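First the structure, in the form of structure tokens, and then the observations on it.
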Amino acid sequence: MNSETIADCRVKVKSIYEQFDASHDWQHIERVLENARHIAQAEGGDWALIELAVLLHDVSDPKYKKAGEDPEQEILRELVLTDKERSDIRSIIRTVSFKGGTNGEPESIEGRIVRDADRLDAIGAIGIARAFAYGGAKGRKLYDWDEQARTVMTESEYRNGDTSTVTHFYEKLLLLKELMVTDSGKQMAEERHQYMLSFLEQLQNETDGKK
Ligand code: NI
């Protein structure tokens, strides 16, 4: 792969992420790269493909994409890549998103690394910060202890549900630990998961959310 390609991709995606709220901004991409680097040290994989997939993985997120636009496809077309590299990157990105648990399993080691790296950024202290940043951007309640978490849902139910941010922990964030597929991802998820549980316990105590 041409060494300019990654630098070129960075410039193109950065200006897009700068327009997103703090839950999916450029700092999210930097953290996912760091997680991916850590996992790849143990698991291997083609680093250039991993890096490009991380850089591009949220630019066409349905939560942010404007109708009729597809920055992921546009940027992939413009970058100097082979057709095989383009299709590898697309298939890595396709299996990253959670979508209520409805999408397929990653086929490649690169796909498994990118998905675990992204999911690690959704849990732990940073996961908590991001969840409330996103909920705030959407005008959601912080918590609603009477609300029932939906455990089975279609992609559109998952996207359109307007549940409180704390309910989102039960619908997604607390499920991610079990969905990690790499050994390093599983190890890193453990501490972050425990931290979320103690956060929720403390929050329940402070807000009298006895069940
Ligand atoms: Ni992401």
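Scope of the values below: all heavy atoms of this structure, side chains included, with no hydrogens, waters or symmetry mates. Just so we're clear, the structure is a prediction, and the values are computed from it rather than from any experiment.
By the 30° and 60° cut-offs, the orientation of the rings of F169 relative to F132 is tilted.
Shown here for M1 and L52, the closest heavy-atom pair between the two residues is SD-CD1, 3.4 Å. Smallest separation of non-hydrogen atoms from A117 and V32: CB-O, 3.6 Å. Nearest heavy atom pair, residue S23 against residue D21, reads OG-OD1, 2.5 Å. When all heavy atoms of I89 and A53 are compared, the closest pair comes out as CG2-CA, 4.1 Å. For E107 against R112, the heavy-atom pair with the smallest separation is O-NH1, 3.8 Å. Closest approach of T167 and S164 over heavy atoms only: OG1-OG, 2.9 Å.
Separation of atoms OG (S60) and CG (D70) is listed at 4.0 Å; rounding is to 0.5 Å. Atoms CG and CG, on L33 and L55 in that order, are 5.5 Å from each other to the nearest 0.5 Å. Rounding to the nearest 0.5 Å places OG of S108 at 7.0 Å from CG of D88. We find the CG-CG distance between L49 and L81 to be 8.5 Å, quoted to the nearest 0.5 Å. In this structure, the separation between CZ on R86 and CG on L76 is 7.0 Å, given to the nearest 0.5 Å. Between the CD1 atom of I126 and the CD1 atom of I123 there is a distance of 12.0 Å, given to the nearest 0.5 Å.
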Distance-only donor-acceptor pairs under 3.5 Å for side chains of residues 174-182, two or more places apart:
unit_1, atom_1, unit_2, atom_2, d
T182, OG1, D116, OD2, 2.7
T182, OG1, G185, N, 3.0

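Electrostatic pairing of E34 and R37 counts as a salt bridge here, judged by a charged N lying under 4.0 Å from a carboxylate O.
Proximity of E74 to K12: side-chain heavy atoms (C-beta onward) are nowhere separated by under 4.5 Å. Residues W47 and E110 fail the side-chain proximity criterion, which asks for heavy atoms closer than 4.5 Å. For the pair W26/V13, a side-chain contact is recorded, criterion being any heavy-atom separation below 4.5 Å from C-beta on. Side-chain contact between V166 and D144: absent, with no pair of heavy atoms (C-beta onward) separated by less than 4.5 Å. Side chains of V96 and D58 form no contact here, defined as non-hydrogen atoms less than 4.5 Å apart. Side-chain contact between I75 and L79 is present, with heavy atoms from C-beta onward closer than 4.5 Å.
For the pair Y195 (side chain) and E190 (backbone), a donor-acceptor distance under 3.5 Å is absent. With hydrogens and angles disregarded, no donor-acceptor distance shorter than 3.5 Å links the side chain of R115 to the backbone of P106. A distance-only check finds a donor-acceptor pair linking the side chain of Y17 to the backbone of V59 [under 3.5 Å]. Between the side chain of R90 and the backbone N or O of E72 there is no donor-acceptor pair closer than 3.5 Å. With E85 contributing its side chain and T82 its backbone, the two residues share a donor-acceptor pair below 3.5 Å. Under the 3.5 Å distance criterion, the side-chain polar atoms of R31 are left unmatched by any main-chain donor or acceptor of D121. The closest donor-acceptor contact from the side chain of R140 to the backbone of G135 lies at 3.5 Å or more, if one exists at all. Remark: side-chain polar atoms of E69 are not paired, donor with acceptor, to backbone N or O of K65 under 3.5 angstrom.
Remark: E4 CD is loosely packed, at most 12 non-hydrogen atoms of other residues, nucleotides or ligands lying under 6.0 Å away. The number of heavy atoms from other shown groups lying within 6.0 Å of CD (E201) does not exceed 12. Applying the 6.0 Å contact sphere to OH of Y143 captures no more than 12 heavy atoms from other residues, nucleotides or ligands. Annotation for Q194: atom CD counts as buried by contact number, over 12 foreign heavy atoms lying within 6.0 Å. Other residues, nucleotides and ligands place more than 12 heavy atoms under 6.0 Å from the CD atom of E30.
Residues passing the ring pair (Phe, Tyr, Trp, His ring centres under 6.0 Å) test with H28 are H24, H57, sequence neighbours excluded. Residues passing the side chain to side chain contact (heavy atoms under 4.5 Å, CB included) test with S184 are I39, A42, E43, sequence neighbours excluded.
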Starting from the C-alpha separation in whole Å, work towards a yes-or-no answer on side-chain contact (heavy atoms from CB on, under 4.5 Å) for Y134 and H168. CA-CA 11 Å; Y134 185 69; H168 185 64; over 6 Å; no
Pair N35-L120, side-chain contact (heavy atoms from CB on, under 4.5 Å): steps then yes or no: CA-CA 7 Å; N35 293 340; L120 282 167; 3.6 Å; yes
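Put simply, the residue from R192, H193, M196 that forms a side-chain contact (heavy atoms from CB on, under 4.5 Å) with L173 is M196.
Inspection of the T163 and E147 side chains reveals no N or O donor paired with an N or O acceptor under 3.5 Å.
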